[in-house]
*Asks:* 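There's a structure below that I have some questions on.
Predicted model only: the values in this text are computed from it and were never measured.
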Amino acid sequence: MSGASGTARTGRCVELCGETGEQARLTVAELAGGWPEQRAEVVFDCATSGPRHHTFTGPLLRDVLLGALPGAVPATRKDRAGRLLVIAGADGHRAVLAWAEVDEEFRYAPVLLAVRLDGALLDAPHLVVPADRCGARYVSAVTGVRLVRPGMPVAAGEERLVSGAG
């Protein structure tokens with residue numbers, strides 16, 4: 001979990017994309033000021049450095065997607081239950097969540113797009129999944145979040161949102 005600094009670098013954005021092409025680009029400052037911040041004190045096992053104890057703060061991933069991409073999330077429960085979130089990091093690491101994990105009518109897990117780590121402002125948002133015991137779905141320096149329906153091909157030009165490139 002690296003990348004903490006006193007100020008956010010300019011140009012470091014996370015790209016959000018819905019399955020029908022809706023897009024938004026948000027900086028750490030916009031994430032920090034645009035939604036209520038939640039706090040998560042977490043303990044998870046890192047494969048390379050063992051148990052990690054951190055406090056993350058930032059908006060809920062669900063709230064950011066609903067606010068930044070109005071209309072991108074399907075209205076019906078059955079349609080929402082079949083959607084996935086693909087989160088990409090600058091280092092190429094990816095994680096996948098079911099939309100139902102963050103949906104208030106299903107599991108409603110408090111998954112964060114954290115903007116602070118142990119009180120320090122991050123250069124780029126981090127995906128934080130507080131209920132996970134291992135750190136594999138924690139994504140540092142998130143570059144893209146894409147809402148997809150399994151089996152849907154990625155549209156030309158949007159590969160960077162899934163791959164983390166760009």
*Asks:* Evaluate the side-chain proximity of V86 to V145: yes if any heavy-atom separation is below 4.5 Å, no if none is.
*Replies:* no
*Asks:* Can you tell me how far apart OG (S140) and OH (Y138) are? Round to the nearest 0.5 Å.
*Replies:* 11.0 Å
*Asks:* Working to the nearest 0.5 Å, report the span between OG1 of T143 and NE2 of H93.
*Replies:* 11.5 Å
*Asks:* If I take atom CZ from residue R94 and atom CD1 from residue I87, how far apart are they, to the nearest 0.5 angstrom?
*Replies:* 11.5 Å
*Asks:* Please report the shortest heavy-atom distance between R62 and V102, naming the atom on each side.
*Replies:* CD-O, 2.9 Å
*Asks:* What verdict does the side chain to side chain contact (heavy atoms under 4.5 Å, CB included) test give for L61 and L127, after you've listed the backbone C-alpha separation in whole Å, the side-chain angles of each residue and the deciding distance to 0.1 Å?
*Replies:* CA-CA 8 Å; L61 174 62; L127 180 73; 4.0 Å; yes
*Asks:* Which pair of heavy atoms, one from A68 and one from L26, lies closest together, and at what distance?
*Replies:* CB-CD1, 4.1 Å
*Asks:* With a 4.5 Å heavy-atom cut-off, do V111 and L60 have their side chains touching?
*Replies:* no
*Asks:* Quick check: do L84 and L97 have side-chain heavy atoms less than 4.5 Å from each other?
*Replies:* no
*Asks:* Strictly below 4.0 Å, N to O, side chains only: are E101 and R137 in salt-bridge contact?
*Replies:* yes
*Asks:* How long is the span from the CD atom in E22 to the CZ atom in R146, to the nearest 0.5 Å?
*Replies:* 9.5 Å
*Asks:* Taking all non-hydrogen atoms of both residues into account, name the closest pair between A81 and F106 and its distance.
*Replies:* CB-CZ, 3.9 Å
*Asks:* Could you check whether E37 pairs with R116 (Lys NZ or Arg NE/NH1/NH2 to Asp/Glu carboxylate O, under 4.0 Å)?
*Replies:* yes
*Asks:* When rounded to the nearest 0.5 angstrom, what distance separates CG in L113 from CG in L16?
*Replies:* 7.5 Å
*Asks:* Taking all atoms of both residues into account, what is the closest heavy-atom pair of V139 and A95, and its distance?
*Replies:* CG2-CB, 3.7 Å
*Asks:* Between H54 and R52, is there a donor-acceptor pair closer than 3.5 Å when you use the side chain of the first and the backbone of the second?
*Replies:* no
*Asks:* Please find the pair of heavy atoms, one from P74 and one from L147, that lie closest to each other, and give the distance.
*Replies:* CD-CD2, 4.5 Å
*Asks:* Could you check L31, L122, D123 and say which one makes a side-chain contact (heavy atoms from CB on, under 4.5 Å) with V115?
*Replies:* L31
*Asks:* Is it the case that the side chain of D103 and the backbone of Y108 share a donor-acceptor pair, with hydrogens and angles ignored and the cut-off at 3.5 Å?
*Replies:* no
*Asks:* Before giving the answer on side chain to side chain contact (heavy atoms under 4.5 Å, CB included), spell out for V14 and R25 the whole-Å C-alpha distance, their side-chain angles and the decisive distance to 0.1 Å.
*Replies:* CA-CA 6 Å; V14 58; R25 292 174 54 91; over 6 Å; no
*Asks:* Rounded to the nearest 0.5 Å, what separates atom CG in D118 from atom CZ in F56?
*Replies:* 7.0 Å
*Asks:* Group every Ile, Leu, Val, Met, Phe, Trp and Tyr by side-chain heavy-atom contacts under 4.5 Å, then state whether V148 and V96 land in the same group.
*Replies:* yes
*Asks:* Hey, mind stepping through L65 and D63 against side chain to side chain contact (heavy atoms under 4.5 Å, CB included) and telling me if it holds?
*Replies:* CA-CA 6 Å; L65 288 168; D63 291 349; over 6 Å; no
*Asks:* Is the shortest side-chain N to carboxylate O distance from R80 to E105 below 4.0 Å?
*Replies:* yes
*Asks:* To check you understand the geometry: which heavy-atom pair defines the closest contact between W99 and L85, and what is its length?
*Replies:* CE3-CD1, 3.8 Å
